[in-house]
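This report refers to the structure that appears directly beneath it.
Note that the coordinates shown come from a computational prediction; the quantities given were computed from them, not determined experimentally.
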Amino acid sequence: VEGRPMRRQGFTTQTIKPAYLKPKLPLTVSDITERRAGDPIGNRPLTGAARLDAQIRADMAQLMDMIDARVEKMASEALQTGKIVIAGDDYPTAEVDFGRDASLTVALAAADRWDSATADIPNQIQDFQARISRLRGGIVRDVVLGANVFRAFQKSASVLERYKLFQNQGGALPMILPNTQDMTYVQYHGMFGDLRFWTYSSYFDLEDGTSENYLDPDSVLFIAAESM
């Protein structure tokens, strides 16, 4: 008896034309004719050409930092929400939805928050691991904590019972966050069971002069790299 042909598993592809990310800085005559901060003082001032080169280098570094910050902000949104909102001048606001299961974004009840004495954090971690494995097919190997969450994690009685298994082994952060990140703000805290625990405290500046963290200080990210 011949085998019966089976239907292939289908898939859906969606496309979007993103906004053009190209910040600019004006370059004026005074930028190359007036002395810049740090220029030599005395009989050997910089020439106009040298000032122009120095200003272009400074502008390029600032523009690249701006682009890197935008890429990092979009990556952090994707990790935290499964979506990215694209908005800008002369560009209609659009939402890019990567199709992450809505049940993977969890808002804990007050009694289950990690700063609550009644929270059983180790069991919660196991439940989150199982849910991610079932819905996405990946194994959680890294947990990234907001600053407030890590402080609560360290003080939790349910965690302290198993703290002897929490070993600080150091090492570089695996590629679970954008390449553009500033490694100054990434800290590895060690192993808890079979999971690597990290905190990430980098921030970006807003137009009103305030700053905002890329990762919500009150949030936790469970990273299953194989399913990304």
Given the options Asp142, Val140, Val143, Arg196 meets side chain to side chain contact (heavy atoms under 4.5 Å, CB included) only with Asp142

Heavy-atom neighbours of [X] [atom1] exceed 12 at 6.0 Å:
| X | atom1 | result |
| --- | --- | --- |
| Arg51 | CZ | yes |
| Glu212 | CD | yes |
| Asp208 | CG | yes |
| Tyr203 | OH | no |

So, [X] side chain and [Y] main chain: donor-acceptor pair closer than 3.5 Å or not?
| X | Y | answer |
| --- | --- | --- |
| Thr33 | Val29 | yes |
| Gln80 | Leu221 | no |
| Thr118 | Ala111 | yes |
| Asp31 | Thr28 | yes |
| Thr81 | Ala78 | no |
| Arg100 | Leu79 | yes |
| Ser133 | Ile139 | no |
| Arg131 | Ser103 | yes |

*asked:* Among Phe153, Phe150, Trp198, exactly one meets ring-ring contact (aromatic ring centres under 6.0 Å, His included) together with His189. Which residue is that?
replied: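 So, applying the ring-ring contact (aromatic ring centres under 6.0 Å, His included) to His189 and each of Phe153, Phe150, Trp198, only Phe150 qualifies.
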
Return the [atom1] to [atom2] distance between [X] and [Y], rounded to the nearest 0.5 Å.
| X | Y | atom1 | atom2 | value |
| --- | --- | --- | --- | --- |
| Leu21 | Ile86 | CG | CD1 | 10.0 Å |
| Ser158 | Ile121 | OG | CD1 | 4.5 Å |
| Leu145 | Asp218 | CG | CG | 11.5 Å |
| Met74 | Lys83 | CE | NZ | 15.5 Å |
| Leu195 | Ile223 | CG | CD1 | 11.5 Å |
| Ile32 | Leu27 | CD1 | CG | 6.5 Å |

ask   = Between Phe204 and Tyr214, how do the two ring planes meet: parallel, tilted or perpendicular, split at 30° and 60°?
value = tilted

Looking only at heavy atoms, the pair that brings Ser211 and Asp205 closest together is CB-OD1, 3.8 Å

side-chain contact (heavy atoms from CB on, under 4.5 Å) assessment of Met60 paired with Asp65
CA-CA 9 Å; Met60 289 296 294; Asp65 286 344; over 6 Å; no

Quiz item: Between Asp59 and Gln55, do the side chains contain an N or O donor and an N or O acceptor separated by less than 3.5 Å?
Solution: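 Per modelled atom types, Asp59 and Gln55 side chains form a pair under 3.5 Å.
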
Given side chains that start at C-beta, do those of Phe222 and Leu104 come closer than 4.5 Å, heavy atoms only?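 When only atoms from C-beta onward are counted, Leu104 and Phe222 do not touch, as no gap falls below 4.5 Å.
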
Q. Does some side-chain heavy atom of Leu108 sit less than 4.5 Å from a side-chain heavy atom of Gln124?
A. yes

